[in-house]
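Basis for what follows: all heavy atoms, side chains included, without hydrogens, waters or symmetry-related copies. Just so it is clear, the structure is predicted and the values come from calculations on it, not from any experiment.
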Amino acid sequence: MAAITYEHIKTCKQSGARLGRVHTPHGVIETPTFMPVGTQATVKTMSPEELKDMDAQIILSNTYHLFLRPGHDIVREAGGLHKFMNWDRPILTDSGGFQVFSLSEMRKITEEGVHFRSHLNGDKKFLSPEVAMEVQNALGSDIMMAFDECPPYPAEYDYVKKSLERTTRWAERCLKAHARPHDQGLFAIVQGGMFEDLRKQSAAELTSMDFPGYAIGGLSVGESKQLMYEVLDYTVPLLPQDKPRYLMGVGSPDALLEGAIRGVDMFDCVLPTRIARNGTTMTSQGRLVVRNAQYARDFGPLDPECGCYTCRNYSRAYLRHLIKSDETFGLRLTTYHNLYFLLELMRKVRKAIMEDRLLDFRDEFFAQYGLNDN
Ligand SMILES: CC1(C)O[C@@H]2[C@@H](CO[C@@]3(CNc4nc5cc6c(=O)[nH]c(N)nc6cc5[nH]4)OC(C)(C)O[C@@H]23)O1
Ligand SMILES: [Zn+2]
């Protein structure tokens with residue numbers, strides 16, 4: 001029995017989006033799904049109990065960060081990431097390639113791997129397919145990502161082609177280094193930038209190696225949303241129907257809807273947790289910056305249509321006061337709401353697929369939420 005299997009439930013007759021389940025050793029994930037990001041073994045300010053209250057079915061953590069601190073050996077000695085952070089549902093770990101480029105200085109890519117300096121203390125470090133697999137093995141995540149290179153955006157055609165070919169060779173090395181295929185699934189990451197023929201090449205090379213799931217990398221890196229949707233239009237159909245498809249780094253309401261409509265099953269993004277910490281919230285009426293003066297005497301709920309703990313028990317005035325006063329409880333309340341909002345949105349997406357009306361749902365949602373940059 002493979003560690004990760006995909007169960008297709010139905011395809012929306014109106015949009016082509018699909019309803020499914022991903023089966024993992026730590027439980028089932030209903031898709032399309034949004035995965036809260038817990039980069040350093042915690043979804044910032046949330047307890048595992050609160051994440052379960054809102055029915056987060058899987059969370060993300062990160063090889064790069066845990067490799068640097070506390071070190072994967074400590075997590076291994078703790079019994080793995082599930083035990084270390086007291087989370088008994090599925091965990092997906094990113095492989096670290098992308099974070100090396102988005103966080104560290106002084107990096108040098110070779111065929112062997114990437115030499116870089118830690119962004120924490122400048123120590124010289126090295127990540128490679130083999131090291132990334134050893135670290136994820138120590139973390140014990142249910143879904144591991146292959147070690148890849150995410151080209152910068154924009155990037156020249158020749159650079160992107162050479163980069164995707166190395167990513168394919170690195171994916172092969174990850175497969176060879178994969179010690180526990182029966183209790184950890186390894187997803188490959190399709191690259192190819194914004195070039196249709198290179199996306200085709202990357203997808204063909206990786207799907208010929210039969211991974212249990214495929215991620216679409218190299219997006220949400222500064223390109224316009226229209227360009228991202230264009231790349232999805234021709235990349236998603238290249239991936240197998242009977243495997244999960246994961247779009248990395250995407251998490252605004254509009255992008256989640258447009259991605260689901262195009263057949264994406266899994267999403268992750270720091271957006272909801274990151275903006276919550278500066279008092280910006282996602283509500284059914286669009287973005288609401290609750291720290292703004294206009295809410296000083298607004299004793300209504302953050303979002304009148306939301307049933308979450310924050311919206312049932314506290315007012316906008318109180319949230320504004322806490323955020324302005326730098327009270328940690330304020331960050332917890334806005335984070336709880338933002339995550340609940342996106343998880344609730346995905347529940348509504350799954351219901352709309354079941355009822356063959358996802359395009360109608362998208363139009364209704366945008367009419368209320370607004371097309372503003374959310
Ligand atoms: C949208 C938002 C709010 O998310 C923030 C910030 C900037 O974009 C993000 C999200 N975009 C994103 N694209 C990715 C592509 C890959 C990839 O090709 N390979 C691998 N292994 N992991 C990836 C992770 C990715 N995350 O990336 C960082 C830099 C992690 O911060 C995130 O804007
Ligand atoms: Zn709420």
Quick one: do [X] and [Y] make a salt bridge, cutoff under 4.0 Å?
{"X": "Asp254", "Y": "Arg362", "result": "no"}
{"X": "Arg262", "Y": "Glu258", "result": "yes"}
{"X": "Asp123", "Y": "Arg117", "result": "no"}
{"X": "Arg357", "Y": "Glu364", "result": "yes"}
{"X": "Lys52", "Y": "Asp88", "result": "yes"}
{"X": "Arg347", "Y": "Glu30", "result": "no"}
{"X": "Arg316", "Y": "Asp303", "result": "no"}
{"X": "Glu355", "Y": "Lys348", "result": "no"}
{"X": "Asp197", "Y": "Lys200", "result": "no"}
{"X": "Glu165", "Y": "Lys161", "result": "yes"}

Do [X] and [Y] belong to the same hydrophobic cluster, where Ile, Leu, Val, Met, Phe, Trp and Tyr are linked whenever their side-chain heavy atoms lie under 4.5 Å apart, directly or via other members?
{"X": "Tyr234", "Y": "Ile189", "value": "no"}
{"X": "Met248", "Y": "Phe98", "value": "no"}
{"X": "Leu238", "Y": "Phe187", "value": "no"}
{"X": "Trp87", "Y": "Ile29", "value": "no"}
{"X": "Leu257", "Y": "Phe267", "value": "yes"}

Side chain of [X], backbone of [Y]: donor and acceptor closer than 3.5 Å?
{"X": "Asp268", "Y": "Met35", "result": "no"}
{"X": "His23", "Y": "Glu7", "result": "no"}
{"X": "Ser128", "Y": "Gly113", "result": "no"}
{"X": "Ser325", "Y": "Glu327", "result": "no"}
{"X": "Ser95", "Y": "Ala146", "result": "yes"}
{"X": "Thr235", "Y": "Val231", "result": "yes"}
{"X": "Arg21", "Y": "Thr31", "result": "no"}
{"X": "Thr167", "Y": "Glu149", "result": "yes"}
{"X": "Arg350", "Y": "Pro32", "result": "yes"}
{"X": "His178", "Y": "Arg173", "result": "no"}

Closest contact, heavy atoms only, [X] versus [Y]:
{"X": "Gln57", "Y": "Val28", "result": "OE1-O, 3.9 Å"}
{"X": "Leu198", "Y": "Gly192", "result": "CB-O, 3.7 Å"}
{"X": "Gly259", "Y": "Leu232", "result": "CA-CD1, 4.3 Å"}
{"X": "Asn62", "Y": "Gly96", "result": "OD1-CA, 4.4 Å"}
{"X": "Leu227", "Y": "Tyr153", "result": "CD2-OH, 3.4 Å"}
{"X": "Phe211", "Y": "Leu186", "result": "CD2-O, 3.2 Å"}

Chi angles and distances behind the side chain to side chain contact (heavy atoms under 4.5 Å, CB included) call for His337, Cys306 | CA-CA 8 Å; His337 166 79; Cys306 179; 3.5 Å; yes
Do Tyr340 and Tyr309 have ring centres separated by under 6.0 Å?
->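 Not close enough - the centres of the two rings lie 6.0 Å or further apart.
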Less than 6.0 Å separating the ring centroids of Phe329 and Tyr314?
->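 Ring-ring flag for Phe329/Tyr314: true, centres closer than 6.0 Å.
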Report the distance from atom [atom1] of [X] to atom [atom2] of [Y], rounding to the nearest 0.5 Å.
{"X": "Gln184", "Y": "Gln136", "atom1": "CD", "atom2": "CD", "result": "8.0 Å"}
{"X": "Leu60", "Y": "Thr39", "atom1": "CG", "atom2": "OG1", "result": "7.5 Å"}
{"X": "Arg320", "Y": "Leu302", "atom1": "CZ", "atom2": "CG", "result": "14.0 Å"}
{"X": "Leu247", "Y": "Met228", "atom1": "CG", "atom2": "CE", "result": "6.0 Å"}
{"X": "Tyr229", "Y": "Leu219", "atom1": "OH", "atom2": "CG", "result": "11.0 Å"}
{"X": "His26", "Y": "Ser141", "atom1": "NE2", "atom2": "OG", "result": "10.5 Å"}

Do [X] and [Y] come close enough that some side-chain heavy atom pair is under 4.5 Å?
{"X": "Met46", "Y": "Leu339", "answer": "yes"}
{"X": "Phe341", "Y": "Cys308", "answer": "no"}
{"X": "Leu19", "Y": "Cys12", "answer": "no"}
{"X": "Pro212", "Y": "Tyr6", "answer": "no"}
{"X": "Thr310", "Y": "Thr334", "answer": "no"}
{"X": "Leu164", "Y": "Gln201", "answer": "yes"}
{"X": "Ile143", "Y": "Ile4", "answer": "yes"}

Under 3.5 Å, is there a donor-acceptor pair linking the side chains of [X] and [Y]?
{"X": "Asp142", "Y": "His82", "value": "yes"}
{"X": "His65", "Y": "Gln99", "value": "no"}
{"X": "Glu230", "Y": "Gln226", "value": "no"}

His8/Arg18 under side chain to side chain contact (heavy atoms under 4.5 Å, CB included): CA gap, chis, key distance, verdict = CA-CA 7 Å; His8 175 260; Arg18 55 208 220 140; 4.0 Å; yes
Side chain to side chain contact (heavy atoms under 4.5 Å, CB included) between Val135 and Val131, worked out = CA-CA 6 Å; Val135 174; Val131 172; 4.1 Å; yes
Apply salt bridge (Lys or Arg N to Asp or Glu O under 4.0 Å) to Arg169 and Glu205, showing your working.
-> CA-CA 9 Å; Arg169 293 193 295 274; Glu205 291 173 355; over 6 Å; no
Verdict with supporting geometry, Val190 and Arg199, side chain to side chain contact (heavy atoms under 4.5 Å, CB included) = CA-CA 7 Å; Val190 174; Arg199 285 282 175 183; 4.0 Å; yes
Phe116: which of Phe101, Tyr64, Phe126 passes ring pair (Phe, Tyr, Trp, His ring centres under 6.0 Å) =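 For Phe116, the ring pair (Phe, Tyr, Trp, His ring centres under 6.0 Å) test succeeds with only one of Phe101, Tyr64, Phe126, which is Tyr64.
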Quick one: do Lys162 and Glu156 satisfy salt bridge (Lys or Arg N to Asp or Glu O under 4.0 Å)? Show the steps, please.
-> CA-CA 10 Å; Lys162 285 211 174 0; Glu156 289 294 312; over 6 Å; no
Should the heavy atoms of other residues, nucleotides or ligands under 6.0 Å from CZ of Arg312 be counted, would the total exceed 12?
->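 Result for CZ/Arg312: enclosed.
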